[in-house]
Amino acid sequence: MNSVDAAQFQHETVLLAEAVEAVMAGEGFYIDGTFGRGGHSRHLLSKLGATSRLLVIDKDPLAIAEAQRLSAVDSRVTVLQAGFANLAEVVAEQSMTGQVCGVLLDLGVSSPQLDDARRGFSFQNDGPLDMRMNPDEGLSAAQWLSVVKEVDLANVLFQYGDERFSRRIAKAIVAARQEQALTTTTQLAEIIKVAHPKWDHKRHPATKSFQAIRIFINGELVELEQALHAAVDVLKPGGRLAVIAFHSLEDRAVKHFIRLQANGPELPPGLPIPESDIVRTMRAIGKAIKPSKAEVAGNVRSRSAVLRIAEKL
């Protein structure tokens, strides 16, 4: 992407001050597991001293290019192209397991990814049906849709998109691909729109299906679960985990994880387990934080964001 393209796709960092304040736990080693365009990282670096270090991780080649520009002017920054599911291995390679002050995860898709039709995340503009966070790895949405079984597609749409008409939409997609290869975002969106029997005219009927396919293609919920468990291992006592989620599936997973770590394993009622034998690894910090009315007014894409914070015991 050249400089003109980069300027075309702007990104407004969501819950910027709140997330950075949440993850701060003194000088030391920090991780931004979803660098994006670097808003959180830059703000965090402005709060840290010269002895601190920041490891930034992202799958997206364009995000990595931006991160490398930052590291070129700030020696505290180390850049790694990877998924945050690899958090435990990455930190072990840095010899920092159990010594990390804070881990920040900003989930979902960034504005540049959504706005760039070439990435295939959105149906607002026509583009190739890709949806991969890293376009150089794995199957694209088009490739997967060309071979997936109807029942499996319906399950993905229902499980990851909460699409109540998942079976009907899956049937329409499979029928359409037999007539013509599915290669573009607007092509898929139109198939879903025609197949969808009932939808809110304020929201495109393909919204949930596109979300579901994207989550599946990138293994987002599986990666999130792996990263959350890894965070417990890599953080030092008193270290902070801050996660911004943008839809209910992500937020539910984060909320459940923090509760499980704070309360200990779920046990059958009445089981005589002494309090001293219950293993607790983290504690929740405050209530979930949502964007202010002013932030939502200035950036409508922030409206569904939820920030949850936990501290390692």
Side-chain angles (χ1 to χ4, degrees), residues 11 13-16 19-20 22-25 28-45 47-48 52-113 119 132-138 214-215 217-236 239-246 250 253-254 257 307-310 312:
H11 178 67
T13 305
V14 175
L15 292 167
L16 176 61
V20 169
V23 81
M24 287 284 291
F29 186 79
Y30 286 83
I31 299 173
D32 183 347
T34 48
F35 180 80
R37 293 307 180 265
H40 288 120
S41 284
R42 289 185 177 88
H43 192 54
L44 178 58
L45 288 166
K47 302 290 184 180
L48 295 173
S52 290
R53 293 169 55 203
L54 176 63
L55 172 64
V56 300
I57 302 171
D58 209 295
K59 284 183 175 182
D60 191 328
L62 297 183
I64 290 300
E66 182 67 24
Q68 288 171 338
R69 284 189 283 271
L70 176 60
S71 69
V73 298
D74 194 327
S75 61
R76 295 174 296 172
V77 179
T78 301
V79 181
L80 181 66
Q81 184 174 6
F84 53 64
N86 301 313
L87 195 60
E89 294 85 351
V90 166
V91 175
E93 290 171 1
Q94 298 283 324
S95 300
M96 293 299 292
T97 301
Q99 302 178 58
V100 177
C101 291
V103 175
L104 174 61
L105 302 176
D106 181 2
L107 309 177
V109 184
S110 69
S111 292
Q113 289 171 324
R119 303 302 300 274
R132 289 172 293 180
M133 297 291 188
N134 183 350
D136 299 323
E137 290 185 356
R214 187 206 84 216
I215 289 173
I217 288 294
N218 293 288
E220 292 177 36
L221 289 177
V222 174
E223 284 206 334
L224 174 59
E225 192 70 24
Q226 293 172 335
L228 292 174
H229 283 282
V232 177
D233 295 328
V234 304
L235 286 168
K236 70 177 186 177
R240 293 287 188 89
L241 169 67
V243 186
I244 302 173
F246 286 85
E250 293 172 337
V254 175
F257 175 80
L307 169 63
R308 296 189 186 274
I309 313 153
K312 184 170 179 179

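Along the sequence shown, the residues carry numbers beginning at 1.
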Assess whether side-chain contact (heavy atoms from CB on, under 4.5 Å) is satisfied between Leu87 and Gln226, documenting all intermediate values.
CA-CA 8 Å; Leu87 195 60; Gln226 293 172 335; over 6 Å; no
Evaluate the side-chain proximity of [Y] to [X]: yes if any heavy-atom separation is below 4.5 Å, no if none is.
X: Arg76; Y: Leu54; answer: no
X: Leu104; Y: Leu44; answer: no
X: Leu16; Y: His40; answer: yes
X: Lys59; Y: Thr34; answer: no
X: Val90; Y: Ile31; answer: no
X: Arg37; Y: Thr13; answer: no
X: Phe29; Y: Thr78; answer: no

side-chain contact (heavy atoms from CB on, under 4.5 Å) test vs Asp60 passes for just one of Met133, Arg119, Arg132, namely Arg119
Electrostatic pair Arg42-Glu66, nearest N-O below 4.0 angstrom | yes
**OP:** Start with the C-alpha gap between Leu228 and Val243, add the side-chain angles, then the distance that decides, and say whether side-chain contact (heavy atoms from CB on, under 4.5 Å) holds.
**Re:** CA-CA 9 Å; Leu228 292 174; Val243 186; 4.1 Å; yes
Quick check: closest heavy atoms across [X] and [Y], and the distance to 0.1 Å?
X: Glu250; Y: Leu224; answer: O-CD2, 3.9 Å
X: Val77; Y: Val56; answer: CG1-CG2, 4.0 Å
X: Asp32; Y: Ser41; answer: OD2-OG, 2.6 Å
X: Glu223; Y: Ala85; answer: CG-CB, 3.6 Å
X: Pro61; Y: Asn134; answer: CG-OD1, 3.9 Å
X: Asn218; Y: Arg214; answer: ND2-O, 2.9 Å

Would you check if the side chain of [X] reaches a backbone N or O of [Y] as a donor-acceptor pair within less than 3.5 Å?
X: Arg308; Y: Val254; value: no
X: Tyr30; Y: Ala25; value: yes
X: Arg240; Y: Ala22; value: yes
X: Lys312; Y: Val232; value: yes

Rounded to the nearest 0.5 Å, how far apart are [atom1] of [X] and [atom2] of [Y]?
X: Ile64; Y: Ser71; atom1: CD1; atom2: OG; result: 9.5 Å
X: Asn86; Y: Ile57; atom1: CG; atom2: CD1; result: 8.0 Å
X: Phe35; Y: Leu80; atom1: CZ; atom2: CG; result: 13.0 Å
X: Glu89; Y: Thr97; atom1: CD; atom2: OG1; result: 9.5 Å
X: Leu235; Y: Leu241; atom1: CG; atom2: CG; result: 6.5 Å
X: Asp136; Y: Gln81; atom1: CG; atom2: CD; result: 7.5 Å

